[in-house]
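Report on the structure given below.
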Amino acid sequence: MLLNENVIVVPDKDSGALSVAGPVSDVNRLEKSLSEIINKIAKTIHREKSSKTEEIKVSPSVFHLLCQDGLMDKLLLVYPELKLAPESPNLKITGLGEEINAANKVIFDAVLALKRQNLEVDKDVLELLKDEQQEELTDALLTSHRINAAFEISGNRVQLLAVSDRDLSHAQDHLGQLLTTQYINVEDSNVLKKPEWQQLVSHLEQANSEPCRTRINTTAQQVVVSGYKDSAIKVQHQLGVFLTQNAHIEETVVVKANAVVKYLEEFNTSWMEKVKDKVRVSYRNEAICLSGSRVNVTHCKTVVEGAVSAVVFDNLNVFKPGVKKLFQENEAYFSTIKTKTGCLVQLVDKPGGGQDNVKQVPTPLYQLKMPGGVEIAVYKADMCSYPMQAVVSPFNQDLKHSTGLAAALLKAAGPQLQDEFYKMKKTKGQLKPGDCVITDAGGTLCCQKVIHAVAPKYEKPQQASAQLNKVVKGSLEAAENHGCISVALPSIGRGMRCFPLKQCELTIVKAVKEYCYENYDDIILQKIHFVNNDDIAVQDMVAAVRQEFGNLSDTHSQQTPHLTAPTQSVSQSTGSDLCLNPVQTKEGVDIVLTKGNLEASTTEVIVNTVSSDLDLNTGAVSQAILRAAGPKLQQLVDAQGATGNVGEIIITDGCQLKSKKVFHAVAPHYKDQATSEKTLRGIFKDCLNMAEDNNLTSISLSAIGAGNLGFPKDRVASLLLDKILEFSKKKHPKHLKKVVIVLYPSDTQTIQAFSDEFQKKFPSASSGSTSSTQRGPFSKITSTSDMHETKMGNVTIQVVTGDITKETADVIVNSSNENFTLKSGVSKAILEAAGPAVEVECRNLGAEPNPGMVLTSPGNLKCKKILHLAGQTDPVKINKTVKDALQLCVKSSFTSVSFPAIGTGQGNAQARLVADAMLDAVTDVLSQNTASPLTIVRIVIFQKPMLKDFHSSMQQREAADPDSKDKAGWTWGWSKFKSIFTGGSADKPKNDKDFVIDSLKVEATCFHICGDTQTSVDSAKKWINDKISQEYHSMEIGDNAILCFSDADRQKIVDMQKTMDISIRTESNKPKATITIEGLSRDVLKANTEIIKMMSRVRDEEELNRKVELASAAADWQYQQSGFQFQSFDERTNFYLEEALQQNLQTVKVTVKGQDYTVTMPKGPATDSQGNILEIKRIDKLKGDVPENWEQMKPNATNQAFPLQAGTEEYDEIQKLFQASCKQAIIKIERIQNPTLWSGLQVKKRDMEGRNGHQNNERRLFHGTSEDTVATINDRGFNRSFAGKNAACYGNGTYFAVNASYSASNTYSKPNQNGEKFMYVCRVLTGDFALGQQGMIVPPPKGTSTISTDLYDSVVDNMANPSMFVVFHDIQAYPEYLIKFK
């Protein structure tokens, strides 16, 4: 201010004075101003000397809030010289002391007045904020966003500060939107250990530190990302991608055949280089598995699928027997094919395959099979394309398919699914949680039915669980009610219904398990699959299934685990045919002796026998149990740590057995009797006590020790039964109430030993059926000349000769036809005796539906009812018919019944077989009905000779003589013979169909072939076919002896097909019956040899039967026991005696009622080894029964030809017959005299006249032959076994011509070297005839019924004007004259 003034200012520092020189006026004018300036400077200097600086504990962010509220302005207004400097962490104030004190109070009051609130964010964000500097945090998250609030972080507390509540709320909302936490579920915790993961985490944390740090926290199950929202989401995505791509997974490429797997593993390995060091490759059944990181597995799976698709795969199915065996025995063939074609060939069990190698089928994540066979499995798959018969669709109670699975199913099915559902809803009404309805599927769905299930809301937990249980069971029931055998279930209620995770799946699995057990006996469902497309849901479902069903092996182990079946207190028979009625001790323990397989027992525990090394593969019983239980059983035994000392018992679960537990007993060898038996008794005792102590109700044991261990079988039986009785008596068990002794079916010695011991200890026990080694159920038989009687229990069984129409039993059984109108044989006799009213009743009942038998009133008979049944000739059917009749009598409370010998009359059934069938039926029914009202069962036989067959059959069932079967000699062993009174063998089929043996169905031998080109695959197929052609052979045997094969022969042929792996078929509609054998050459030749032997035996038997028939026609040999009348020997013994007579033997051995006798020929007596004597006599049936013009024959000659003199009446008669149609020159005519053949013809003639009701049954016919057969025909007559030698257009019998000219043809009368020919003039019993057909082996039935036993006697070529007749029974024709002509 002095620069423009005319004054001089001189300061004097020493004196502290300021001199001003200049004009007075100017100095005076400036003095005041200068004084003021000097005073001000003085004051400033003084303030600076007196001022101080203090720090107040107020953070810059809080001070900023206060300033924003006007605090600074207020202070400066009062103290303008006061200086405030906010420096972290406090506020600096500079001024005079009193100013500072005043300001400090004002600031402190303002801070206390600030509004505070704890920050409400998730814990992970809170943890992030705790680790940050609050000033930087406030500036970055609040101030920079113009939010008037600040952070206050103290210890574990984070607060917001603001001047007003409004500012606090605004800050809280702002931070909630700005900060976030992202969660990532860790699929594979091993990824977290990788260095790459650590590097990625570090990099992301560094790269995302602005505007605030991003926090990454890792646990084994989760990765948590917290921080600024945009940064956190970006980091979460990057980390999630890394975890997903690097998670270790396993993917399976499923192929249609193992051959493809092996081909890629061993033949075409080029693809392996592309996946090497990236994934681990393993080979499984029909699958190639890849394991590694997801990114590598995904890439490599594409490579493998491409390799699979490039394989040319085909299969070759060969339907020829023996092919599989050929290639199994010659494995070198496969190496040869590989060398020649480069192809892999595998022999597989089942046909299949095709060109599409990859199966798009999901692999089960877990799978098991329940005892009833229901497959339980968990799949990750799309329900819309899942191939099950029914799928379950969950939806809300609003019944709209708008979200989730229901919407997806609706989209795939189309609107018709919604329409179907609404239609069903109208029918069912309003649905509630827990309800379900089923409709048809549609569109592209792979299922047939959709089950719409209303999922419950999880509001009341107990109620919701019950509703979910109900809807699951209801869905399964709905599927079964609509015929579905497979159903897919999702996680009903998960997500949309807010069921807690895992609890939803556990409730569903429990419901499925309960349903399967509740419906164990009659469940229809075969597959129940839990299907989800969500990884977490699938994992939760697997965990639930494991929890409920046990931690069993999944499908990748190639095992199908079984659960223990629901316990059953009663053991079920395993196909046993020996099961004694359960014996019950006084204490209530049932003891059952049965045949079967121990491993199939259904008792709660079975007892296994193991060796001291505890190897379950040692011993037949133990091996069978291990096979049935599965390998886990051995693991359980090993886990026990047992020592294997003799007598030790190891308890394990039953694994896949039907039993809960298995007791493994280390049994001793039979060395020292006392010690060994003591140990065995201890095992029996301990097993029974342990079963009781473990609350088990039933136990099964085998004959422990009776096999390879060497114990006497009867001792084992005795020891075991004694211990069971002792246990019952001493223990008075509360739990164990059933002990089953299971014996191996083919171990007849052990069965006999146990049966004998069982009978000794429990004499009241009776067998349900008899076996070949058992004593029979009949008491000792008492006999008279016309009756045999025995008893079974309280029932008397009688076989008598007589007239059934005279019977007085409650029920008389009539063997009729299907319409109950048969008027022949026994049926004719019964209907005529009963009267027309019964006949009308039969006709009416026969016209109505019936079970094959009807009851009518008795009419004039003396019974209460007549039971008419459809007669049978097959012994098996006879057995069933008699059983049904007896059951009806039992049910209707009849006390007595009389049967005819069903099928033995005009049905021609063999008496012995009928006897066995009927008596077996009686035995079976009476065994099953021990309290039956029946007291008498009678079998009434009209033809007395049959009585001995029934007697013999009764003897086999007689308890007093268990060895009678063996003593019966030939009477038991031979069973095929022809009755002289009937038209064929009784046990042979009655039509050509019965002679057909069809080849067994040949299972395809399937080859799977893999190669790199179709050409190479075709070459491999050609090589296989060529090799089969080289080794394959077909052979045909033509011989009518085939038609005479017995049932056993035919069964042997069937068995040969199985054992030799060949195909055998027969044809009988050709002139000669044929057998064709196909298979490998060596097998065909072997089978051919066996069949040739069978035919030779059949021919020998037929010849013997023929001789037996002729002997029966010639003589009747009889014997007489002391005090009895004469009885006829059986037919074969009759033949032996007649043969001995003709051969002039001094003695011959015979068997009578099981006793061997020596007969002194020709008039007896017969004497046995004890000196018992039988009187013998022979009745000559031929005496006085030969034509009057016959001449005296040579002694002992069976036949003789007598030449006729030309010009005699006899000669002229035959000449006239011959020349009526044939003008060739007669050289000689001979009369053939054969008394045996003649007698047979007469007997047959009388029988035919009686059956046909007329005498027009005989004709003179012609039969041309060759010279070499003349002697045979003269001696034995005609043999239809040679039918078809010339022609057999009308049946396989013996042909006779009406006109001699026909037989004179060279085809039939073959000339000898001199041109001489031979023709017989025959007496032929043509009787009633019908039209013949090729392939016939007997004449057709006269009636329309297929079971008619009344057959025609012969067949012809033309009914109106026959030119030839065919007979099927050799004794129906007699070679009366032989004409030699030229």
Side-chain angles (χ1 to χ4, degrees), residues 368-379 381 383-397 399 401 405-406 409-410 412-414 416-443 445-456 465-493 504-505 507-531 541 545 548-549 563 565-566:
L368 60 94
K369 186 163 287 188
M370 296 191 66
V374 181
E375 178 185 284
I376 306 294
V378 182
Y379 283 84
M383 188 76 87
C384 296
S385 59
Y386 200 72
M388 299 292 269
Q389 289 186 345
V391 301
V392 177
S393 171
F395 58 93
N396 296 323
Q397 198 172 352
L399 309 181
H401 301 72
L405 176 59
L409 289 170
L410 178 62
Q416 67 268 33
L417 181 63
Q418 187 84 49
D419 295 340
E420 284 275 344
F421 173 73
Y422 283 139
K423 290 178 184 176
M424 185 62 70
K425 179 176 169 289
K426 288 180 181 178
T427 305
K428 297 287 185 179
Q430 182 64 35
L431 300 179
K432 303 183 295 297
D435 292 342
C436 62
V437 294
I438 187 168
T439 67
D440 290 331
L445 293 180
C446 294
C447 59
Q448 300 171 9
K449 299 287 182 181
V450 175
I451 302 168
H452 309 266
V454 184
S465 296
Q467 290 172 338
L468 184 55
N469 181 285
K470 175 187 174 185
V471 79
V472 171
K473 292 182 177 179
S475 298
L476 298 177
E477 183 179 3
E480 288 199 311
N481 291 341
H482 286 76
C484 298
I485 62 172
S486 59
V487 62
L489 286 159
S491 295
I492 304 170
C504 167
E505 284 74 19
T507 304
I508 293 171
V509 173
K510 282 183 177 180
V512 169
K513 181 179 179 182
E514 289 172 7
Y515 183 87
C516 292
Y517 279 144
E518 289 166 1
N519 299 274
Y520 179 79
D521 291 328
D522 52 3
I523 193 166
I524 298 173
L525 288 171
Q526 297 177 8
K527 293 182 180 180
I528 301 175
H529 289 184
F530 301 107
V531 181
M541 188 62 79
V545 174
E548 280 301 307
F549 291 103
L563 301 177

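Keep in mind that the numbers below use all heavy atoms, side chains included, and drop hydrogens, waters and symmetry copies.
- For Glu375, the side-chain hydrogen bond (donor to acceptor under 3.5 Å, both in side chains) partners at least two apart in sequence or on another chain are Gln367, His529.
- Shown here are the side chain to side chain contact (heavy atoms under 4.5 Å, CB included) partners of Gln526, two or more places apart in sequence or in another chain: Ile485.
- Shown here are the side-chain hydrogen bond (donor to acceptor under 3.5 Å, both in side chains) partners of Lys449, two or more places apart in sequence or in another chain: Asp440.
- Cys436 and Ala453 make their closest contact through CB-CA, 4.0 Å (heavy atoms, listed as atom of the first residue, atom of the second, distance).
- Shown here is Lys473, whose NZ atom has more than 12 heavy atoms of other residues, nucleotides or ligands within 6.0 Å.
- Residues Val531 and Ala488 share a closest heavy-atom pair of CG2-CB, 3.9 Å.
- Closest of all the heavy-atom pairs between Pro456 and Pro433 is CA-CB, 3.8 Å.
- For Glu480, the side-chain hydrogen bond (donor to acceptor under 3.5 Å, both in side chains) criterion is met by Tyr515, not counting sequence neighbours.
- For Tyr379 and Tyr386, the gap between ring centers is short of 6.0 Å.
- Every side chain to side chain contact (heavy atoms under 4.5 Å, CB included) that Thr439 has, sequence neighbours left out, goes to Leu417, Glu420, Met424, Val450, His452.
- The backbone N or O of Ser465 lies less than 3.5 Å from no partner atom in the side chain of Thr507, so there is not a single donor-acceptor pair.
- The side-chain hydrogen bond (donor to acceptor under 3.5 Å, both in side chains) search around Lys470 returns Asp435, not counting sequence neighbours.
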> So Met541 and Val509, side-chain contact (heavy atoms from CB on, under 4.5 Å) or not? Walk me through it.
Replying inline: CA-CA 8 Å; Met541 188 62 79; Val509 173; 3.6 Å; yes
